[in-house]
Protein chains: 2
Amino acid sequence: MAEAVNIKRLAQELNISIATVSKALNDSYEISQKTKNRVWNLAKELNYTPNPAASNLRSNKTKTVAVVIPCVANNFFSLSIKGIEEIARQYGYHVLIYQTHENIEAEIAFTNSLLNGRVDGILTSVSSSEYNSEYYTNLVKKIPLVFFDRVYENLDAVRVTTDDYEIAFQATEHLIECGCTRIAYLFGLENLPAGKARFAGYLDALKTHGIAFIEQLVVKYHDDEEFNLQQIKELLEKHKPDALFSSIEEFIIPAYRACRELSLQIPNDVKVLSFSNLSTAALLNPSLTTISQPAFEIGREAAKCLFKILNNKQLDDEQNIILKSVLSKRESTGC
Amino acid sequence: MAEAVNIKRLAQELNISIATVSKALNDSYEISQKTKNRVWNLAKELNYTPNPAASNLRSNKTKTVAVVIPCVANNFFSLSIKGIEEIARQYGYHVLIYQTHENIEAEIAFTNSLLNGRVDGILTSVSSSEYNSEYYTNLVKKIPLVFFDRVYENLDAVRVTTDDYEIAFQATEHLIECGCTRIAYLFGLENLPAGKARFAGYLDALKTHGIAFIEQLVVKYHDDEEFNLQQIKELLEKHKPDALFSSIEEFIIPAYRACRELSLQIPNDVKVLSFSNLSTAALLNPSLTTISQPAFEIGREAAKCLFKILNNKQLDDEQNIILKSVLSKRESTGC
DNA sequence: CCGGTAGGCGAAAACGTTTACGTAATTAAA
DNA sequence: TTTAATTACGTAAACGTTTTCGCCTACCGG
């Protein structure tokens, strides 16, 4: 559109070589302060900005990272992205977004398309459909990668996670303290470490308090709102749980609907507790007891790790950063 | 990391020129089917993917668009991004994300940094802090740009918006039909066409029904949760409105809190209605009457427009696409 | 007066594509 | 049979940087 203003143009106007201009722009020690000032002034005057493609091609750096996640329209992930983006700004990086929709093939396809130098590194929260450890084992050898929340374990890559086991244990104990003994478990992310840890926390809390685990009280998540609703209604009718412990946010709406449609009072007839990052949890009817993950902080931490790696800084701590979730007790567990 | 596989390598292995390989990969008519097949097979076998930087540099196209929005952690914007990303996948484009945090200087800085060929086009929902028409007047001459939801008018650029005036009129009428006469207006986006249209719809509905506009019943949004809460409490105490009509989602939590803290019953003492894309509106206590915008569709439409422009397809319709919002009547307006 | 050593700068190659243009061989038209 | 057109491919330049290497000047110690 506009007449190109590039390094060559600057060189001509100043009667110096393009090499000198380039070095001056990059504040090289080889160039005198006087020349640098001349270059910087003219660059500002002509509104020069370097061409990213040329720079990327030559230097093999893009100052860009990719975020690969299941879906951006989710409180947890949108908060994570917010955190990532803020840190990226500080480090001068650009952020590409890819949604997998929980489809591992899409996930692999996108990720592969990033390996030709499009990005310097990847931040990912993997899809729940499958646990394909082999793919990621190879991937982490090819490009700097940081997992957040939904991770692969035992790989040579940084992971940023939360205290899923502990907080699930604690939440289950809370329900037990409220007098519940038939605590149903709404099971999500069952293929992933996070999902397994949450379930383990639930099981261990039961065991610790001498409550038998009842398999019929477990409902697994399906990507079908109506189906989940029916499952929960069936659960409530057939097995009369006195609490619903949901391991993912997606169960909240069907759980509330199911109780409403069956005329069950929360928390009198059945108590409800869920992992959730909904900002409106306190305004629900009744207000919902939640386990909220520090999504924003997770994004920030993951991004910080990646940029440290990209800048060849040592990661002082170990490879697994664990942030604390928060249990907020509200009316839905009523005690 | 891995040994580079580029078109030069393919050319050597097949004993043909790199020009032929390049053309074959791009399915050029100049190349015989036989040669194309040989190239394609070897490319697949060696896992060749073109280097984006080189391609961008030479062709001056990036197959990348930027999304510039106030904040990704917002139901409306995260849904929009979801829509944009899905369409981008279909067209084979990549999506960069930039958050302005409602800061027009950041907005301009980011946008300027995209003009050196980093992206082929921009999708933006502008910040509410200021209406800087001059900047965008120049910008749209330099790069294909589509506005969505928060737009600048009278520019040579496509806009995707909603029926803000009509739906606000309709919502105000709904409150009037419920018997309200002192309808307070919680005013957001006042610098932007969307905000002005909503307010105009409110005013005109009042006038149509012979209700005088009371200036004291207007509260303007500030980026300070506590301040907004205090303002609403003051409003409720001093001016006794019988309804709160909020033009933005951000007022919901303080509005509910204010009513709770002042022991005002919704909807008996005061009715509440808000623009909102909260998925949990129906689960609130009481359930919230909302105007929801088709955020996902807005993102999709905006992206489609941009990609049509980038592919030099004619935009059949005019430059302003208007999608319909939905008024969902619930308990908070109780009638 | 000579050798060495910085400091400051330029020439040119390289990164991996795309593409304008040229050319040879084959086919179609005259 | 000659000419024109078409098909299929190659040569080489170009995109805008970064970076290696080398050159020149000035200066300093001996």
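Residue numbering restarts at 1 for every chain, and letters A, B, ... go by the order of the sequence lines.
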Would you kindly give the [atom1]-to-[atom2] distance between [X] and [N], to the nearest whole Å?
X        : N       : atom1 : atom2 : value
Arg9(A)  : dT17(D) : CZ    : C1'   : 17 Å
Ile31(B) : dT6(D)  : CD1   : P     : 18 Å
Asn60(A) : dT20(D) : CG    : P     : 14 Å
Leu10(A) : dC9(C)  : CG    : C1'   : 17 Å
Lys34(B) : dA25(C) : NZ    : C1'   : 14 Å
Arg38(B) : dA8(D)  : CZ    : C1'   : 13 Å
Leu14(A) : dG8(C)  : CG    : P     : 17 Å

Thr35(A) side chain N/O closer than 4.0 Å to the phosphate oxygens (OP1, OP2) of dC9(C)?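 So the side chain of Thr35(A) is within the cut-off, an N or O lying under 4.0 Å from OP1 or OP2 of dC9(C).
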Sub-4.5 Å side-chain heavy-atom contact between Thr124(B) and Phe148(B):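 Thr124(B) does not reach Phe148(B) side chain to side chain.
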Is there side-chain contact between Leu42(A) and Val39(A), with at least one heavy-atom pair below 4.5 Å?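 No. Closest side-chain heavy atoms not under 4.5 Å.
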Do Tyr152(A) and Tyr131(A) have ring centroids that are under 6.0 Å from one another?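 For Tyr131(A) and Tyr152(A), the ring centres are under 6.0 Å apart.
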Which residue, Glu130(A), Glu102(A), Glu107(A), forms the salt bridge (Lys or Arg N to Asp or Glu O under 4.0 Å) with Arg150(A)?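 So, applying the salt bridge (Lys or Arg N to Asp or Glu O under 4.0 Å) to Arg150(A) and each of Glu130(A), Glu102(A), Glu107(A), only Glu102(A) qualifies.
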Within 6.0 angstrom of Asp27(A) CG, more than 12 heavy atoms from elsewhere: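 Enclosed.
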Heavy atoms of other groups near Glu134(A) CD, more than 12 under 6.0 Å: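 No, not enclosed.
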5' to 3', nucleotides 12-21 of chain C under a 4.0 Å protein heavy-atom cut-off (B base, S sugar-phosphate only, - none) gives BBBBBBBBB-
